[in-house]
Amino acid sequence: MAGWLSKATSLFQPPPPPVDPFEVECECGGRVIGLRTPTYQKRPCPRCQRPVFVLPSNPYPHPKPKAAPALKTAPSQSTTTKSDLSTSRTTVDPGPPPAVSKSGKPSAAGPPRGDKAIAVEESTLAAEPKRRVFTPLRLLAFAIVSMTALTAAAFWYRYQIDAAKAIVTKATDAGEAALREGDFVVAAREYGRARAAVDVLGRTDRAASDIRRMSLQTTAAAKLASSTLTEILEDCLARKKSGQASSIQLTTTDQGGWIIFDTRILPSDENQNLYEIDAPMQFKEATIQIELETEIFRHLPQTESESGGPRVIFAAQLDQLDDPSGDPPIAKLRLNGKSAFLWSSYDVYASIGYRPLDPEREQQTRALLERQLESQP
(Lines give C-alpha, C1' and ligand atoms only; values in the text may rest on other atoms or scores of the structure.)
Protein backbone atom coordinates (compact mmCIF):
# COMPACT_ATOMS: atom_id res chain seq x y z
CA MET A 1 0.00 0.00 0.00
CA ALA A 2 2.82 2.44 0.91
CA GLY A 3 4.67 1.68 -2.29
CA TRP A 4 1.56 2.32 -4.38
CA LEU A 5 0.96 5.66 -2.65
CA SER A 6 4.53 6.88 -3.16
CA LYS A 7 4.37 6.00 -6.85
CA ALA A 8 1.10 7.88 -7.26
CA THR A 9 2.53 10.93 -5.45
CA SER A 10 5.63 11.00 -7.66
CA LEU A 11 3.42 11.42 -10.75
CA PHE A 12 2.40 14.91 -9.60
CA GLN A 13 5.98 16.10 -8.81
CA PRO A 14 8.07 17.87 -11.53
CA PRO A 15 10.85 15.72 -12.91
CA PRO A 16 14.41 16.65 -11.92
CA PRO A 17 16.16 18.97 -14.36
CA PRO A 18 18.22 17.17 -16.95
CA VAL A 19 21.98 17.35 -16.83
CA ASP A 20 22.97 20.01 -19.37
CA PRO A 21 26.74 20.34 -19.91
CA PHE A 22 28.32 23.25 -21.78
CA GLU A 23 31.53 24.03 -23.61
CA VAL A 24 32.22 27.70 -24.46
CA GLU A 25 35.30 28.98 -26.25
CA CYS A 26 37.02 32.13 -24.96
CA GLU A 27 38.57 34.86 -27.16
CA CYS A 28 42.03 33.65 -26.24
CA GLY A 29 41.24 30.17 -27.51
CA GLY A 30 40.68 28.52 -24.14
CA ARG A 31 37.60 26.44 -23.48
CA VAL A 32 35.33 26.75 -20.47
CA ILE A 33 33.35 23.58 -19.69
CA GLY A 34 30.93 22.64 -16.94
CA LEU A 35 27.26 22.15 -16.13
CA ARG A 36 24.54 24.70 -16.65
CA THR A 37 22.59 26.11 -13.75
CA PRO A 38 19.09 27.62 -13.57
CA THR A 39 20.75 31.10 -13.76
CA TYR A 40 23.49 32.42 -16.01
CA GLN A 41 27.13 32.05 -15.03
CA LYS A 42 30.37 33.98 -15.56
CA ARG A 43 33.06 31.35 -15.44
CA PRO A 44 36.73 32.31 -15.58
CA CYS A 45 38.75 31.14 -18.55
CA PRO A 46 41.38 28.58 -17.52
CA ARG A 47 43.88 30.25 -19.85
CA CYS A 48 43.45 34.04 -19.46
CA GLN A 49 41.13 34.15 -16.41
CA ARG A 50 38.71 36.47 -18.19
CA PRO A 51 35.04 35.94 -17.31
CA VAL A 52 33.06 34.08 -19.97
CA PHE A 53 29.29 34.40 -20.10
CA VAL A 54 27.36 31.09 -19.97
CA LEU A 55 23.64 30.83 -20.66
CA PRO A 56 21.42 29.15 -18.05
CA SER A 57 19.85 25.78 -18.60
CA ASN A 58 16.98 25.73 -21.06
CA PRO A 59 13.66 25.10 -19.15
CA TYR A 60 11.88 24.26 -22.37
CA PRO A 61 12.18 20.96 -24.21
CA HIS A 62 14.64 20.84 -27.08
CA PRO A 63 13.01 21.15 -30.51
CA LYS A 64 12.73 17.98 -32.47
CA PRO A 65 15.08 17.81 -35.46
CA LYS A 66 13.47 18.21 -38.85
CA ALA A 67 13.41 15.25 -41.18
CA ALA A 68 15.77 15.25 -44.10
CA PRO A 69 14.12 16.48 -47.32
CA ALA A 70 13.18 13.72 -49.72
CA LEU A 71 15.07 13.51 -52.97
CA LYS A 72 12.92 13.80 -56.10
CA THR A 73 15.02 11.20 -57.88
CA ALA A 74 14.23 8.54 -55.29
CA PRO A 75 10.56 7.56 -55.53
CA SER A 76 10.83 5.30 -52.52
CA GLN A 77 11.66 8.37 -50.35
CA SER A 78 8.88 10.60 -51.72
CA THR A 79 6.28 9.00 -49.48
CA THR A 80 7.54 8.98 -45.98
CA THR A 81 5.24 7.73 -43.30
CA LYS A 82 4.84 9.11 -39.83
CA SER A 83 6.42 6.01 -38.39
CA ASP A 84 9.51 6.54 -40.57
CA LEU A 85 9.87 10.12 -39.30
CA SER A 86 9.55 9.00 -35.73
CA THR A 87 12.22 6.38 -36.22
CA SER A 88 14.59 8.90 -37.87
CA ARG A 89 14.63 11.17 -34.82
CA THR A 90 17.58 10.74 -32.53
CA THR A 91 17.92 11.66 -28.92
CA VAL A 92 21.01 13.62 -27.89
CA ASP A 93 22.86 11.79 -25.17
CA PRO A 94 24.25 14.37 -22.78
CA GLY A 95 26.81 11.87 -21.56
CA PRO A 96 28.40 11.72 -18.17
CA PRO A 97 29.17 14.97 -16.34
CA PRO A 98 32.69 16.32 -16.78
CA ALA A 99 35.29 15.45 -14.22
CA VAL A 100 35.87 18.08 -11.59
CA SER A 101 39.30 18.67 -10.07
CA LYS A 102 39.99 19.18 -6.38
CA SER A 103 40.05 22.95 -6.85
CA GLY A 104 36.44 22.88 -8.04
CA LYS A 105 37.26 23.75 -11.67
CA PRO A 106 36.26 21.41 -14.49
CA SER A 107 39.02 19.18 -15.75
CA ALA A 108 40.40 19.86 -19.23
CA ALA A 109 40.96 16.18 -19.95
CA GLY A 110 38.62 16.36 -22.95
CA PRO A 111 35.53 18.09 -24.23
CA PRO A 112 32.27 16.63 -22.93
CA ARG A 113 29.69 15.33 -25.25
CA GLY A 114 26.79 17.76 -25.54
CA ASP A 115 24.76 19.82 -27.91
CA LYS A 116 27.43 21.08 -30.32
CA ALA A 117 25.11 23.56 -32.02
CA ILE A 118 24.30 25.30 -28.72
CA ALA A 119 27.98 25.37 -27.73
CA VAL A 120 28.97 27.05 -31.01
CA GLU A 121 26.12 29.57 -30.65
CA GLU A 122 27.16 30.45 -27.10
CA SER A 123 30.80 30.85 -28.07
CA THR A 124 29.73 33.27 -30.78
CA LEU A 125 27.63 35.25 -28.31
CA ALA A 126 30.37 35.29 -25.66
CA ALA A 127 33.13 36.46 -28.01
CA GLU A 128 33.32 40.22 -28.31
CA PRO A 129 33.22 41.46 -31.93
CA LYS A 130 36.33 43.19 -33.26
CA ARG A 131 35.94 46.94 -33.34
CA ARG A 132 36.46 48.67 -36.64
CA VAL A 133 38.88 51.58 -36.78
CA PHE A 134 36.73 53.72 -39.08
CA THR A 135 33.13 53.71 -38.04
CA PRO A 136 30.44 56.11 -39.27
CA LEU A 137 30.30 57.76 -35.85
CA ARG A 138 34.07 58.28 -35.73
CA LEU A 139 34.13 59.65 -39.27
CA LEU A 140 31.35 62.07 -38.39
CA ALA A 141 33.19 63.19 -35.23
CA PHE A 142 36.41 63.67 -37.22
CA ALA A 143 34.57 65.76 -39.81
CA ILE A 144 33.01 67.93 -37.09
CA VAL A 145 36.38 68.48 -35.37
CA SER A 146 38.07 69.29 -38.70
CA MET A 147 35.42 71.82 -39.67
CA THR A 148 35.60 73.41 -36.23
CA ALA A 149 39.40 73.72 -36.47
CA LEU A 150 39.23 75.20 -39.96
CA THR A 151 36.57 77.67 -38.90
CA ALA A 152 38.61 78.71 -35.85
CA ALA A 153 41.72 79.13 -38.02
CA ALA A 154 39.79 81.26 -40.49
CA PHE A 155 38.43 83.47 -37.70
CA TRP A 156 41.92 83.78 -36.16
CA TYR A 157 43.44 84.72 -39.52
CA ARG A 158 40.73 87.28 -40.09
CA TYR A 159 41.30 88.69 -36.61
CA GLN A 160 45.03 89.03 -37.31
CA ILE A 161 44.34 90.80 -40.60
CA ASP A 162 41.92 93.25 -39.00
CA ALA A 163 44.29 93.85 -36.08
CA ALA A 164 47.23 94.41 -38.45
CA LYS A 165 45.25 96.97 -40.44
CA ALA A 166 44.46 98.89 -37.26
CA ILE A 167 48.08 98.67 -36.05
CA VAL A 168 49.52 100.06 -39.31
CA THR A 169 47.62 103.33 -39.06
CA LYS A 170 47.95 103.75 -35.31
CA ALA A 171 51.66 102.85 -35.11
CA THR A 172 52.61 105.00 -38.11
CA ASP A 173 50.92 108.07 -36.59
CA ALA A 174 52.62 107.42 -33.25
CA GLY A 175 56.02 107.01 -34.96
CA GLU A 176 55.65 110.29 -36.81
CA ALA A 177 54.69 112.09 -33.60
CA ALA A 178 57.74 110.64 -31.82
CA LEU A 179 60.01 111.80 -34.65
CA ARG A 180 58.69 115.34 -34.39
CA GLU A 181 59.56 115.27 -30.67
CA GLY A 182 63.01 113.79 -31.35
CA ASP A 183 62.29 110.57 -29.43
CA PHE A 184 63.98 107.97 -31.66
CA VAL A 185 63.47 105.11 -29.22
CA VAL A 186 59.68 105.43 -29.29
CA ALA A 187 59.73 106.11 -33.04
CA ALA A 188 61.75 102.93 -33.66
CA ARG A 189 59.34 100.88 -31.54
CA GLU A 190 56.22 102.21 -33.26
CA TYR A 191 57.63 101.89 -36.76
CA GLY A 192 58.74 98.38 -35.86
CA ARG A 193 55.14 97.50 -34.97
CA ALA A 194 53.93 99.01 -38.23
CA ARG A 195 56.54 97.06 -40.19
CA ALA A 196 55.49 93.78 -38.56
CA ALA A 197 51.86 94.58 -39.40
CA VAL A 198 52.54 95.20 -43.10
CA ASP A 199 54.53 91.95 -43.18
CA VAL A 200 51.47 90.12 -41.85
CA LEU A 201 49.32 91.79 -44.48
CA GLY A 202 51.87 90.93 -47.18
CA ARG A 203 51.81 94.45 -48.56
CA THR A 204 54.39 95.47 -51.18
CA ASP A 205 53.01 98.89 -52.15
CA ARG A 206 54.92 102.16 -51.86
CA ALA A 207 53.43 103.01 -48.45
CA ALA A 208 54.54 99.64 -47.05
CA SER A 209 58.06 100.18 -48.47
CA ASP A 210 58.19 103.60 -46.80
CA ILE A 211 57.21 102.05 -43.46
CA ARG A 212 59.97 99.43 -43.78
CA ARG A 213 62.57 102.07 -44.62
CA MET A 214 61.48 104.31 -41.74
CA SER A 215 61.68 101.33 -39.40
CA LEU A 216 65.32 100.72 -40.41
CA GLN A 217 66.30 104.41 -40.17
CA THR A 218 64.64 105.02 -36.79
CA THR A 219 66.21 101.82 -35.42
CA ALA A 220 69.66 102.95 -36.55
CA ALA A 221 69.06 106.42 -35.10
CA ALA A 222 67.93 104.96 -31.76
CA LYS A 223 70.88 102.53 -31.56
CA LEU A 224 73.78 104.62 -32.81
CA ALA A 225 77.18 103.58 -31.52
CA SER A 226 78.00 105.25 -28.23
CA SER A 227 81.51 106.09 -29.48
CA THR A 228 82.77 107.39 -32.79
CA LEU A 229 84.41 105.01 -35.24
CA THR A 230 87.80 106.60 -34.53
CA GLU A 231 87.43 105.97 -30.78
CA ILE A 232 86.34 102.36 -31.34
CA LEU A 233 89.37 101.62 -33.56
CA GLU A 234 91.81 103.35 -31.19
CA ASP A 235 90.51 101.26 -28.30
CA CYS A 236 90.86 98.02 -30.29
CA LEU A 237 94.43 98.84 -31.35
CA ALA A 238 95.34 99.86 -27.80
CA ARG A 239 94.14 96.54 -26.40
CA LYS A 240 96.13 94.74 -29.09
CA LYS A 241 99.26 96.69 -28.23
CA SER A 242 98.94 96.16 -24.48
CA GLY A 243 98.67 92.41 -24.95
CA GLN A 244 95.29 92.10 -23.30
CA ALA A 245 94.06 90.11 -26.29
CA SER A 246 95.80 87.75 -28.71
CA SER A 247 93.84 89.26 -31.61
CA ILE A 248 91.79 92.36 -32.23
CA GLN A 249 88.23 91.78 -31.02
CA LEU A 250 85.29 94.10 -31.31
CA THR A 251 83.08 94.24 -28.26
CA THR A 252 79.43 93.20 -28.47
CA THR A 253 78.40 96.81 -27.89
CA ASP A 254 80.56 98.00 -30.79
CA GLN A 255 79.16 95.32 -33.12
CA GLY A 256 75.55 96.10 -32.18
CA GLY A 257 75.88 99.86 -32.58
CA TRP A 258 75.00 101.53 -35.88
CA ILE A 259 77.32 103.87 -37.74
CA ILE A 260 76.22 106.23 -40.53
CA PHE A 261 78.67 106.77 -43.42
CA ASP A 262 78.65 109.70 -45.85
CA THR A 263 81.49 108.79 -48.17
CA ARG A 264 82.51 107.55 -51.58
CA ILE A 265 82.77 103.87 -52.44
CA LEU A 266 85.23 102.04 -54.69
CA PRO A 267 83.94 98.81 -56.28
CA SER A 268 86.24 95.81 -56.29
CA ASP A 269 87.47 94.30 -59.55
CA GLU A 270 87.24 90.73 -58.22
CA ASN A 271 83.79 90.78 -56.53
CA GLN A 272 80.93 92.91 -57.86
CA ASN A 273 79.33 93.08 -54.40
CA LEU A 274 82.53 94.05 -52.57
CA TYR A 275 83.19 97.75 -52.01
CA GLU A 276 85.95 99.70 -50.29
CA ILE A 277 85.19 102.89 -48.42
CA ASP A 278 87.28 105.68 -49.90
CA ALA A 279 88.20 107.01 -46.48
CA PRO A 280 91.23 105.21 -45.04
CA MET A 281 91.95 105.98 -41.39
CA GLN A 282 95.56 106.40 -40.32
CA PHE A 283 96.76 105.48 -36.84
CA LYS A 284 100.25 105.27 -35.42
CA GLU A 285 100.10 101.52 -35.37
CA ALA A 286 98.41 100.81 -38.72
CA THR A 287 96.22 102.02 -41.54
CA ILE A 288 92.59 100.93 -41.38
CA GLN A 289 90.75 100.12 -44.62
CA ILE A 290 86.98 99.69 -44.45
CA GLU A 291 85.27 97.05 -46.63
CA LEU A 292 81.62 96.19 -47.18
CA GLU A 293 80.11 93.29 -49.13
CA THR A 294 76.50 94.06 -50.02
CA GLU A 295 74.03 94.36 -52.93
CA ILE A 296 72.48 97.70 -51.92
CA PHE A 297 74.82 99.68 -54.24
CA ARG A 298 74.16 97.56 -57.33
CA HIS A 299 71.20 99.61 -58.63
CA LEU A 300 72.54 102.98 -57.49
CA PRO A 301 72.77 105.39 -60.46
CA GLN A 302 76.30 106.50 -61.32
CA THR A 303 75.82 110.26 -61.52
CA GLU A 304 79.04 111.43 -59.88
CA SER A 305 81.66 112.67 -62.31
CA GLU A 306 84.38 113.30 -59.73
CA SER A 307 87.15 110.79 -59.19
CA GLY A 308 87.00 108.47 -56.20
CA GLY A 309 83.71 106.74 -56.92
CA PRO A 310 80.10 107.75 -56.27
CA ARG A 311 79.05 109.39 -53.02
CA VAL A 312 76.59 107.43 -50.88
CA ILE A 313 74.97 107.77 -47.47
CA PHE A 314 74.28 104.47 -45.74
CA ALA A 315 74.17 102.88 -42.31
CA ALA A 316 75.68 99.58 -41.18
CA GLN A 317 76.91 97.69 -38.15
CA LEU A 318 80.51 96.60 -37.53
CA ASP A 319 81.49 93.00 -38.17
CA GLN A 320 85.18 92.34 -37.46
CA LEU A 321 88.62 93.94 -37.47
CA ASP A 322 91.50 91.92 -38.93
CA ASP A 323 95.00 91.95 -37.49
CA PRO A 324 97.38 94.43 -39.10
CA SER A 325 99.79 92.83 -41.55
CA GLY A 326 102.41 93.93 -44.04
CA ASP A 327 104.88 96.77 -44.04
CA PRO A 328 103.51 99.32 -43.39
CA PRO A 329 100.86 97.40 -41.41
CA ILE A 330 97.32 97.56 -42.84
CA ALA A 331 94.22 96.28 -41.05
CA LYS A 332 90.80 95.73 -42.64
CA LEU A 333 87.59 96.71 -40.88
CA ARG A 334 84.67 94.69 -42.28
CA LEU A 335 81.14 96.01 -42.03
CA ASN A 336 78.08 93.77 -41.67
CA GLY A 337 76.64 93.65 -45.18
CA LYS A 338 73.36 92.07 -44.03
CA SER A 339 72.60 95.10 -41.83
CA ALA A 340 73.60 97.79 -44.36
CA PHE A 341 70.92 99.91 -46.03
CA LEU A 342 70.79 103.15 -48.02
CA TRP A 343 69.56 106.21 -46.19
CA SER A 344 66.57 108.03 -47.71
CA SER A 345 64.99 110.43 -45.17
CA TYR A 346 66.61 113.82 -44.91
CA ASP A 347 64.52 114.82 -41.87
CA VAL A 348 65.72 111.85 -39.80
CA TYR A 349 69.28 112.37 -41.08
CA ALA A 350 69.23 116.03 -40.02
CA SER A 351 67.54 115.25 -36.67
CA ILE A 352 70.43 112.98 -35.67
CA GLY A 353 72.85 115.90 -36.12
CA TYR A 354 74.16 115.42 -39.65
CA ARG A 355 72.59 118.57 -41.12
CA PRO A 356 75.09 120.19 -43.50
CA LEU A 357 76.10 123.74 -42.59
CA ASP A 358 76.73 124.80 -46.18
CA PRO A 359 73.47 125.47 -48.12
CA GLU A 360 75.01 124.05 -51.29
CA ARG A 361 76.07 120.93 -49.45
CA GLU A 362 72.61 120.63 -47.99
CA GLN A 363 71.05 120.81 -51.42
CA GLN A 364 73.44 118.13 -52.70
CA THR A 365 72.60 115.92 -49.74
CA ARG A 366 68.87 116.24 -50.35
CA ALA A 367 69.32 115.38 -54.02
CA LEU A 368 71.48 112.38 -53.13
CA LEU A 369 68.92 111.01 -50.68
CA GLU A 370 66.15 111.42 -53.26
CA ARG A 371 68.19 109.47 -55.84
CA GLN A 372 68.84 106.74 -53.30
CA LEU A 373 65.13 106.58 -52.51
CA GLU A 374 64.23 106.20 -56.17
CA SER A 375 66.83 103.44 -56.66
CA GLN A 376 65.32 101.27 -53.92
CA PRO A 377 62.55 98.79 -54.79
| field | Heavy-atom side-chain proximity of Leu335 to Leu318 below 4.5 angstrom | value | yes
| said: Whether the Glu362 and Tyr346 side chains hold a donor-acceptor pair (N or O, under 3.5 Å, no angle test) is what I'd like checked. | reply: yes
| Glu374/Arg371 ion pair, N-O < 4.0 Å | no
| query | Among Gln320, Glu276, Glu291, Gln289, which one satisfies side-chain hydrogen bond (donor to acceptor under 3.5 Å, both in side chains) with Lys332? | reply | Glu291
| query | Hey, does Leu333 have a side-chain heavy atom less than 4.5 Å from the side chain of Leu229? | reply | yes
| field | Qualifying residues under salt bridge (charged side-chain N to carboxylate O under 4.0 Å, His left out), relative to Arg203, sequence neighbours excluded | value | Asp205
| task | Report the distance from atom CG of Asn271 to atom CD of Glu293, rounding to the nearest 0.5 Å. | result | 5.0 Å
| So which heavy atom on Thr263 is nearest to which on Asp278, and how close? | OG1-O, 3.9 Å
| Gln49 side chain near Pro44 side chain, heavy-atom distance below 4.5 Å | yes
| Gap between atom CD of Gln372 and atom CD1 of Ile313 - 0.5 Å precision | 6.0 Å
| request: Determine, step by step, whether Cys26 and Arg47 satisfy the side chain to side chain contact (heavy atoms under 4.5 Å, CB included) criterion, reporting the C-alpha distance in whole Å, the side-chain angles of both residues, the deciding distance to 0.1 Å, and the verdict. | output: CA-CA 9 Å; Cys26 183; Arg47 179 179 294 183; over 6 Å; no
| Does Val186 belong to the same Ile/Leu/Val/Met/Phe/Trp/Tyr cluster as Leu224, with side-chain heavy atoms less than 4.5 Å apart forming each link? | no
| query | If only atom types and distance count, is the side chain of Thr172 paired as donor or acceptor with the main-chain N or O of Thr169 below 3.5 Å? | reply | no
| query | So if you build clusters from Ile, Leu, Val, Met, Phe, Trp, Tyr with side-chain heavy-atom gaps below 4.5 Å, do Ile290 and Leu233 land together? | reply | yes
| note | Rounded to the nearest 0.5 angstrom, the OG1-CG distance for Thr37 and Leu55 is 10.5 Å
| Which heavy atom of Val24 sits nearest a heavy atom of Phe53, and at what distance? | CG1-O, 4.4 Å
| What's the shortest heavy-atom distance between Pro21 and Arg36, and which atoms? | O-NE, 3.8 Å
| Verify same cluster id: Tyr354, Phe184 (apolar side-chain graph, 4.5 Å) | yes
| Hey, mind stepping through Arg212 and Leu216 against side chain to side chain contact (heavy atoms under 4.5 Å, CB included) and telling me if it holds? | CA-CA 6 Å; Arg212 293 186 176 95; Leu216 287 173; 6.0 Å; no
| remark: Distance col, row Gln272:CD vs Glu270:CD, nearest 0.5 angstrom, shows 13.0 Å
| request: Using salt bridge (charged side-chain N to carboxylate O under 4.0 Å, His left out) as the criterion, list what pairs up with Asp322, not counting sequence neighbours. | output: Arg334
| Under the side-chain contact (heavy atoms from CB on, under 4.5 Å) test, which residues partner Glu370, sequence neighbours left out? | none
| query | Who are the side chain to side chain donor-acceptor pair (under 3.5 Å) partners of Asp254, not counting sequence neighbours? | reply | Thr251
| field | Within-4.5 Å side-chain heavy-atom neighbours: Leu368 and Gln364 | value | no
| Common cluster, Tyr191/Ile167, ILVMFWY with side-chain heavy-atom separation under 4.5 Å | no
| request: Report the C-alpha distance between Asn273 and Thr294 in whole Å, list the side-chain angles of each, state the deciding distance to 0.1 Å, and finish with yes or no for side chain to side chain contact (heavy atoms under 4.5 Å, CB included). | output: CA-CA 5 Å; Asn273 294 330; Thr294 182; over 6 Å; no
| query | Considering residues at least two apart in sequence or located in another chain, which fulfil the side chain to side chain donor-acceptor pair (under 3.5 Å) criterion with Thr287? | reply | Gln282
| field | Asp210: side chain to side chain donor-acceptor pair (under 3.5 Å) partners, not counting sequence neighbours | value | Arg213
| field | More than 12 heavy atoms from other groups under 6.0 Å of CG on Asp162 | value | yes
| query | Given side chains that start at C-beta, do those of Tyr349 and Ile260 come closer than 4.5 Å, heavy atoms only? | reply | yes
| task | Look at the aromatic rings of Phe314 and Phe297 and report parallel, tilted or perpendicular, splitting at 30° and 60°. | result | perpendicular
| remark: dist Ile144:CD1 -> Leu140:CG (nearest 0.5 Å) comes out at 4.0 Å
| note | Tightest non-hydrogen contact, residues Gly30 and Cys45, listed as CA-SG, 4.2 Å
| note | What one should report as the nearest heavy-atom pair of Gly192 and Ser215 is CA-OG, 3.8 Å
| Side-chain contact, heavy-atom cut-off 4.5 Å: Val32 with Pro46? | yes
| query | Quick one: do Ile232 and Phe261 end up in the same hydrophobic cluster if we chain Ile, Leu, Val, Met, Phe, Trp and Tyr together by side-chain heavy atoms under 4.5 Å apart? | reply | yes
| field | Minimum side-chain heavy-atom gap Thr365-Arg355 below 4.5 Å | value | no
| task | Would you check if Trp343 and Val348 make a side-chain contact, meaning some heavy-atom pair closer than 4.5 Å? | result | yes
| request: Quick one: pull up OG in Ser339 and CD1 in Ile259 and give me the separation to the nearest 0.5 Å. | output: 10.0 Å
| request: Would you name the heavy atoms of Ala188 and Thr218 that are closest together and state the gap between them? | output: CA-OG1, 3.4 Å
